[in-house]
Structure formats: C-alpha cells, structure tokens
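A quick write-up on the structure given underneath.
A quick note: this is a predicted structure, and the numbers were derived from the prediction, not measured.
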Amino acid sequence: MPPPPGTPITLAFASFQTVDGLPTKKSKKSRVKMRPFHWNKVPNHMVNKSIWKKTKDVTDKLDTTLLEEMFSATKEKESPSTPDNSKKKAVTLLDPKMAQNIGIFLSGFKIDPKELRGRLTYIREDEGGLSLEHINILRRYQPSHEDIDMFKQYKGNRKELADTDQFMMHLCEIPFLQQRLDLLLHVNEFPLEFEDLEPNVSTMLGACMELYTSDEFVAILEYVLAIGNYMNSNSNKGSAYGFKLGTLVKLMDCRGKDKKYNLLKFLVEQINKNDPKLLGFFTKMPHVEKAADVSTKGLSAEVDVMKKDLTRISKSATQISKNKKSTQQDARFCRQVEAFVKEYEQKLKKLHAVCDDMNKLYEKVLVKYGETTGTGSEEFFSWVTEFIKGFKKEVKDLNVKVQGNPK
C-alpha cells in the first residue's frame with residue numbers, strides 16, 4: 001500500500017531500516033528450537049565498509065532438515081551410566097590459548113623445570129645454558145604481573161595443576177626472570193638476521209593479498225553466515241549481517257547429537273552438494289597458513305631493530321677508526337664494516353617499504369572483514385588457519401578431489 005500523499009519517502013520506509021541505514025535483517029526461522037551457536041556479530045556500524053553488506057543469503061541451499069535433526073535443542077536420551085574410570089582432570093588457571101601454546105613448547109623442551117633456574121646462570125648453551133631459541137620462547141611466555149599474582153593466590157595442591165600451569169608456576173618463582181632472559185638474549189643474539197626476516201615479510205604480504213582478493217573465501221563465509229543465522233533464528237544472536245572471523249574456529253566445537261558430527265562437517269557437506277568448486281578455496285591461499293606464525297607488528301619492529309643495530313655498528317667502527325692507537329688492520333676492518341653497513345642499509349630501506357605496504361594492506365583486510373582496527377595479525381591469521389586445517393580434514397574425509405589440492 002503506497003504512503004499517503006505528501007509523506008516523505010524517508011519516513012515511509014524508516015521502519016525497514018536500522019539506525020545505521022541498513023535494511024532490517026530477516027532470517028529464516030527454524031522449525032524447532034536449536035542449540036545456540038555462540039558467535040560474535042559484526043556491529044552494524046562496521047557493516048557498510050565490509051564484505052557483509054553485500055553477502056548473499058544462501059539459507060535456501062542448506063539442508064535445514066539435517067541441520068535441525070543434528071543440532072536441535074531437544075534433550076537426548078540418557079544412556080545407562082557407567083563408572084567413570086577416567087583420570088581426574090588437571091586444574092588449569094591459564095588462558096586456554098596460552099596453555100595450548102606453552103604445551104606445544106614443552107613437548108620439545110626436555111629440561112626439568114626445577115633445573116631451569118640453574119640453566120639461566122650460564123651464558124652459552126655449550127656451557128650448560130639455554131639455546132637462543134629457548135630464550136626467545138621463554139621471553140614470549142614469561143609470566144605477567146597478573147600471572148604471578150594469580151599463582152601466588154592458588155592454595156590448592158600443586159601436583160593437581162596441569163603440566164603447563166606447573167611450568168608457569170616455576171617461572172613465577174624465579175627472581176628477576178625478565179632481567180635474566182633479556183641479558184641472555186643480548187649476549188647470544190645475532191642482530192643481523194636479514195635472510196630470515198625477508199621471506200617472512202613476503203609471506204605476510206602475500207597472505208594479506210590472498211585474503212583481500214579471495215572471492216571464494218567470501219563465498220564460504222556466506223554459508224557460515226546462513227548456518228549461524230538459521231541456528232540462532234529464535235534468539236537475539238540471529239539476523240546477523242556478519243560475524244567476527246574468530247567464530248570460524250567454533251564450528252568444530254559445536255557438535256550434534258552424534259558427537260562425531262559438528263557444524264564444520266555440515267558446512268563442508270553443504271558446499272560439496274551445492275558449490276563443490278569452493279572445496280579447494282584454500283589452494284589459492286598458500287601464504288595464509290604460514291602467516292599465523294608471524295605478526296605485522298613484530299616484522300615491522302624487527303626491521304626497526306636492525307636499522308638501529310646498523311647505526312650502533314657504524315658508530316662503533318667510527319670510534320675504532322678514530323682512536324689514536326688504531327692500526328692499518330683496524331682501518332681495513334672498519335672499511336669492511338662500513339661497506340657491510342651501506343649494503344644492508346639499502347636492503348633494509350627496500351624491506352621497510354615492503355613492510356609499509358604490508359601494514360596498509362592488512363588494515364584494509366581488517367576493514368573488509370569487519371574486524372576491529374588494531375586486531376593482531378597473529379591472532380587474526382590463526383583463526384583462518386585453524387579453520388582451513390579443519391576444513392581440509394573434512395574434505396579429506398569426504399574422499400572428494402578438489403582442484404589444485406596440494407599434496
């Protein structure tokens with residue numbers, strides 16, 4: 001029915017728009033009550049500049065009967081109880097992600113935590129100290145003031161703590177830990193690691209470009225959006241324009257009545273049924289998985305550190321050459337040092353320009369996917385990487401070939 005004559009168009013259609021100028025989001029309602037899918041919706045004010053404004057609703061492509069069957073909120077019949085002979089679950093105080101990362105480190109760290117303090121009193125590894133790699137990792141996971149306070153307040157049995165927490169408690173008890181680690185780093189570190197840094201910068205730039213230009217990845221997200229909106233259709237978590245990419249890792253944790261069946265498996269099945277060409281989307285994103293191991297901020301900082309190291313090296317060479325007691329051999333050495341400095345100044349100048357391009361492109365990636373400005377690239381790419389790894393597994397389980405699938 002048209003509006004009365006003289007009614008402003010903007011008023012006539014105001015009820016169909018949100019305060020951010022977006023049309024009211026409507027989602028197809030589920031026929032039964034569904035289990036909630038806990039995701040973080042993209043705020044409406046961030047939608048306009050992101051992919052979520054133009055994403056298509058692919059709910060009609062979903063096998064909603066199967067989705068409801070596997071993920072309805074109806075109570076399951078309880079199976080006869082059996083004695084619980086499982087091992088008592090260890091107590092953990094650490095953040096789950098931090099605990100996971102420390103656990104990975106400990107799997108290759110064969111030093112008894114009780115011996116660690118003694119190892120920190122030796123400078124070099126061949127004298128009984130720690131390797132440079134172990135020093136760097138310990139600096140990364142050294143306890144914060146909050147961690148120290150948290151473990152001080154723990155009054156339970158120490159042996160009941162998880163191995164990762166027991167390790168962290170040992171670190172908390174080492175006096176002046178940060179000062180010890182910083183000292184060992186400066187003594188052992190080789191400041192000019194250009195050959196290691198350059199490919200990492202190239203990898204991050206490539207990963208940003210792949211995410212920024214991938215239409216197939218966006219199409220995958222459209223399926224996830226449709227699934228989430230359908231499952232949350234009867235709650236305030238529904239009718240979402242988009243979701244934070246951290247949601248992707250939750251697909252594996254949302255399980256159906258069959259505990260071996262989760263939303264990620266459902267997603268892959270639906271894509272295989274409707275758009276099988278999308279199954280190999282990850283083959284066009286070879287840099288993304290590698291990017292989870294580095295960060296844009298870290299790479300830029302390393303370039304700056306190298307520039308400062310070159311300045312210090314140059315100043316030291318100048319001081320030697322100007323000393324009254326310097327010899328011809330000293331002068332020759334200083335000339336070689338200055339030549340080295342000039343060579344790497346040019347290389348670092350070019351690498352610094354690449355870092356600028358990388359940082360600018362990463363910010364565009366965050367805007368494109370509706371992510372908060374300043375989100376760390378390490379965390380951001382870890383979400384995508386974990387999703388890709390899980391996606392690959394489900395594709396493999398389907399026993400289907402994908403175009404360009406790497407070995």
Side-chain angles (χ1 to χ4, degrees), residues 90 92-151 158 161-201 203-204 207 249 288-306 308-309 375-383 385-386 389:
T92 180
L93 306 178
L94 290 170
D95 171 79
K97 187 171 182 61
M98 171 69 84
Q100 180 186 24
N101 289 336
I102 293 178
I104 294 173
F105 163 57
L106 290 178
S107 65
F109 188 64
K110 304 304 181 184
I111 299 175
D112 189 324
K114 296 178 181 179
E115 299 177 7
L116 185 57
R117 180 174 176 178
R119 291 294 190 99
L120 291 172
T121 62
Y122 292 94
I123 292 177
R124 303 189 185 283
E125 184 179 5
D126 57 6
E127 297 174 351
L130 300 174
S131 68
L132 181 60
E133 179 185 5
H134 285 158
I135 293 171
N136 272 308
I137 295 177
L138 285 172
R139 289 179 77 248
R140 188 187 311 167
Y141 298 134
Q142 61 183 314
S144 64
H145 294 300
E146 290 78 11
D147 292 329
I148 294 173
D149 291 339
M150 176 177 65
F151 282 104
R158 184 174 188 145
L161 288 172
D163 290 342
T164 51
D165 287 69
Q166 290 188 42
F167 178 77
M168 182 61 81
M169 181 172 281
H170 277 292
L171 293 184
C172 292
E173 294 171 347
I174 298 176
F176 306 108
L177 176 63
Q178 181 176 351
Q179 289 85 338
R180 292 173 188 266
L181 293 173
D182 288 346
L183 173 62
L184 290 172
L185 178 67
H186 287 99
V187 171
N188 287 275
E189 189 179 45
F190 295 95
L192 298 175
E193 304 235 347
F194 183 86
E195 289 75 13
D196 291 331
L197 177 60
E198 187 178 31
N200 285 338
V201 174
T203 293
M204 180 60 74
V249 299
V288 170
E289 291 186 66
K290 298 178 182 178
D293 297 327
V294 292
S295 71
T296 54
K297 292 180 181 178
L299 293 173
S300 297
E302 286 188 57
V303 172
D304 291 336
V305 167
M306 287 186 174
K308 293 177 181 178
D309 286 341
T375 299
S377 64
E378 205 166 0
E379 181 180 31
F380 178 79
F381 281 104
S382 69
W383 296 333
T385 295
E386 287 186 46
K389 289 180 178 179

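- The side-chain heavy atoms of L116 and F109, taken from C-beta on, include a pair separated by under 4.5 Å.
- Remark: side-chain polar atoms of Q166 are not paired, donor with acceptor, to backbone N or O of D163 under 3.5 angstrom.
- Comment: E378 does not engage K97 in a salt bridge, judged by the lack of any side-chain N to carboxylate O separation of less than 4.0 angstrom.
- Contact record, L171 with P143: CB-CD, 3.8 Å, taken as the closest heavy-atom pair.
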Before you tell me yes or no, could you show the steps for E133 and S131 under side chain to side chain donor-acceptor pair (under 3.5 Å), namely the whole-Å CA-CA distance, both residues' side-chain angles and the distance that decides it to 0.1 Å? CA-CA 5 Å; E133 179 185 5; S131 68; 4.9 Å; no
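- Ring planes of F105 and Y141: tilted class, angle from 30 to 60°.
- When all heavy atoms of L130 and E125 are compared, the pair lying nearest together is O-CB, 3.9 Å.
- Scanning both residues, A292 and T385, for their nearest heavy atoms gives CB-OG1, 3.5 Å.
- Contact detail for M168 and F151: the closest heavy-atom pair is CG-CE1, 3.3 Å.
- Side-chain polar atoms of T203 and N200 form no donor-acceptor pair below 3.5 angstrom.
- Interatomic distance, CD1 of I148 versus CD of E173, reported as 10.5 Å (0.5 Å rounding).
- Of all the heavy atoms in L299 and M204, the pair that sits closest is CD1-CB, 3.9 Å.
- Atom CE of M150 and atom OG of S144 lie 7.5 Å apart (nearest 0.5 Å).
- The distance from the CD atom of Q100 to the CG atom of D95 is 10.0 Å, given to the nearest 0.5 Å.
- The line from CG of D147 to CG of D165 is 9.5 Å long, rounded to the nearest 0.5 Å.
- In this structure, the separation between SG on C172 and NE2 on H145 is 11.5 Å, given to the nearest 0.5 Å.
- In summary, of the residues considered (L93, I104, N101, L94), a side chain to side chain contact (heavy atoms under 4.5 Å, CB included) with T164 occurs for L94 alone.
- You'll find the side chain of H170 stays beyond 4.5 Å of the side chain of E115, heavy atoms only.
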